[in-house]
There are 2 protein chains.
Amino acid sequence: MAVTFTVTGTSESPTKLTVGARDFTFVVDEPESLGGTDHGPNPVEYVLASLAGCINVVVHMVAKERGVEIRGLKVTVQGSLDPSRLMALPTENRAGFESIELLAEVDSDADNDEVDEILRIAETRCPVADNLLSPTPVTLRRAALVAV
Amino acid sequence: MAVTFTVTGTSESPTKLTVGARDFTFVVDEPESLGGTDHGPNPVEYVLASLAGCINVVVHMVAKERGVEIRGLKVTVQGSLDPSRLMALPTENRAGFESIELLAEVDSDADNDEVDEILRIAETRCPVADNLLSPTPVTLRRAALVAV
């Protein structure tokens with residue numbers, strides 16, 4: 001069983017991309033401090049958000065399977081990166097986040113050990129976490145121009 | 001030099017998360033076909049969008065360095081995943097995208113070889129591509145509940 005997801009992006013400027021995903025349209029940009037026009041979150045903020053959104057889904061799914069009620073969930077997701085490689089400056093550091101940390105405030109009557117176990121299982125089943133934790137082939141190819 | 005990015009997410013339902021990133025607020029949800037309320041793109045669509053947004057930035061950056069004008073750029077990003085692991089069904093497949101393919105329509109006077117070289121370099125410098133291509137540690141920890 002495979003489910004395919006597709007998004008399309010149209011460049012509005014060197015930093016701003018308008019993205020379509022099904023019926024949704026949203027903007028990716030860079031803050032002015034990074035040379036952008038700040039019309040939307042930037043690419044790496046969307047990475048953190050996608051991970052947060054995925055963890056929300058999977059934590060609730062795992063909790064339900066285990067008969068645990070989750071009354072509330074807040075997640076804070078943080079990562080740091082060195083932009084040197086992006087900017088073609090000499091560096092030994094990778095281009096992306098060195099690591100990503102999620103802190104989850106879970107409001108539940110379950111004890112801490114049970115909540116920790118739910119979080120542990122959730123991380124192993126979350127598609128976004130998997131794509132970050134283990135290598136994911138990414139191919140970027142030139143397409144023929146389509147007249148519009 | 002390290003730049004830190006942070007997003008916060010508040011669960012509105014088992015599938016819907018409201019995310020804050022600096023001054024921006026947006027919604028992650030699942031389509032009804034995946035058990036959600038379809039109030040926004042889903043987590044893995046945001047992954048594809050973040051990659052598209054990053055490639056937009058880096059392609060323009062690399063082109064500018066090489067004296068190439070990009071008049072237009074459209075990217076289509078696609079990935080397929082098997083939701084079996086997410087749903088705790090028996091599977092040998094990974095939880096996330098098996099691979100991610102980007103097709104870039106580049107409107108430029110540069111010849112195809114030059115455009116291909118720009119795309120090749122862009123992929124090596126794109127932080128989001130790096131976080132997918134190479135393992136990125138992800139830690140998920142329980143935080144103390146904060147009264148609100």
Side-chain angles (χ1 to χ4, degrees), chain A residues 1-2 4-11 14-15 17 19 21 24 28 41 43-50 52-54 56-57 60 73-78 80 82 86 94-97 99-103 105 115 119 123 125 127-133 136-140 142-143 145, chain B residues 2 4-11 14-15 17 19 21 24 28 41 43-50 52-54 56-57 60 73-78 80-82 86 94-97 99-103 105 115 119 123 125 127-133 136-140 142-143 145:
Chain A
M1 172 162 66
T4 299
F5 297 88
T6 307
V7 308
T8 56
T10 303
S11 178
T15 59
L17 189 79
V19 177
F24 300 103
V28 189
V44 296
E45 288 169 327
Y46 277 118
V47 170
L48 302 182
S50 67
C54 194
N56 177 49
V57 172
H60 280 91
L73 174 65
K74 292 189 180 196
V75 282
T76 303
V77 193
Q78 193 166 76
S80 295
D82 175 352
L86 167 66
R94 65 186 297 176
F97 288 123
S99 64
I100 299 175
E101 288 81 40
L102 293 98
L103 268 179
E105 290 175 45
V115 172
L119 296 180
E123 185 171 334
R125 286 167 50 182
V128 178
D130 173 57
N131 280 129
L132 293 164
L133 284 161
T136 304
V138 173
T139 55
L140 171 56
R142 176 176 43 79
L145 273 180
Chain B
T4 299
F5 297 89
T6 307
V7 308
T8 56
T10 303
S11 177
T15 60
L17 189 79
V19 177
F24 300 104
V28 190
V44 297
E45 288 169 329
Y46 277 118
V47 170
L48 302 181
S50 67
C54 193
N56 177 48
V57 171
H60 280 91
L73 174 64
K74 292 189 179 196
V75 282
T76 302
V77 193
Q78 193 167 78
S80 295
L81 60 81
D82 175 352
L86 167 66
R94 64 185 297 175
F97 288 122
S99 63
I100 298 175
E101 288 80 42
L102 292 97
L103 269 179
E105 290 175 44
V115 172
L119 296 180
E123 185 170 336
R125 286 167 51 182
V128 177
D130 173 58
N131 280 127
L132 292 164
L133 284 161
T136 303
V138 173
T139 55
L140 171 57
R142 174 176 43 79
L145 274 180

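A note on names: the letters A, B, ... follow the listed sequences, proteins ahead of strands, and every chain is numbered from 1.
Looking only at side-chain heavy atoms (C-beta outward), L48(B) and T6(A) stay at 4.5 Å or farther from each other.
Counting heavy-atom pairs under 4.5 Å between each of A49(B), P41(B), C54(B), S99(B) and chain A puts P41(B) at the top. Contact count versus chain A (heavy atoms, under 4.5 Å) is highest, among V47(B), V75(B), T76(B), T8(B), for V75(B). Residue with the most contacts toward chain B among G53(A), G9(A), A2(A): G9(A) (heavy-atom pairs, distance under 4.5 Å). Heavy-atom pairs under 4.5 Å with chain B peak, among V128(A), L86(A), T15(A), at L86(A). Contact tally against chain B (heavy-atom pairs below 4.5 Å) for L119(A), L102(A), D82(A), V57(A): the top residue is L102(A).
With a 4.5 Å cut-off on non-hydrogen atoms, F97(A) touches chain B through its backbone and its side chain both. Both the backbone and the side chain of V7(B) come within less than 4.5 Å of a heavy atom of chain A. Residue F5(B) touches chain A through both its backbone and its side chain, counting heavy-atom pairs closer than 4.5 Å. Contacts between V28(A) and chain B at a heavy-atom distance below 4.5 Å involve the side chain alone, from C-beta outward. Heavy atoms closer than 4.5 Å to chain A are found in the side chain of V19(B), but not in its backbone.
Residues satisfying the side-chain hydrogen bond (donor to acceptor under 3.5 Å, both in side chains) test with S11(A), not counting sequence neighbours, are N56(B).
In this structure, CG in L140(B) is found 11.0 Å from CD in E101(A), a value given to the nearest 0.5 Å. How far CG of N131(B) is from CZ of R94(A): 5.0 Å, rounded to the nearest 0.5 Å. One finds the CD atom of Q78(A) at 10.5 Å from the OG1 atom of T139(B) (value rounded to the nearest 0.5 Å).
Nearest heavy atoms, A143(B) versus L103(A): CB-CD2, 3.9 Å. In terms of heavy-atom proximity, R125(B) sits nearest to A95(A) at O-CB, 3.8 Å. The two residues V115(B) and R142(A) come nearest to each other via the heavy atoms CG1-CD, 3.6 Å. Counting all heavy atoms, side chain and backbone alike, P127(A) lies closest to V44(B) at CB-CG1, 4.1 Å. Across all non-hydrogen atoms, the minimal contact from S50(B) to P43(A) is CB-O, 3.2 Å.
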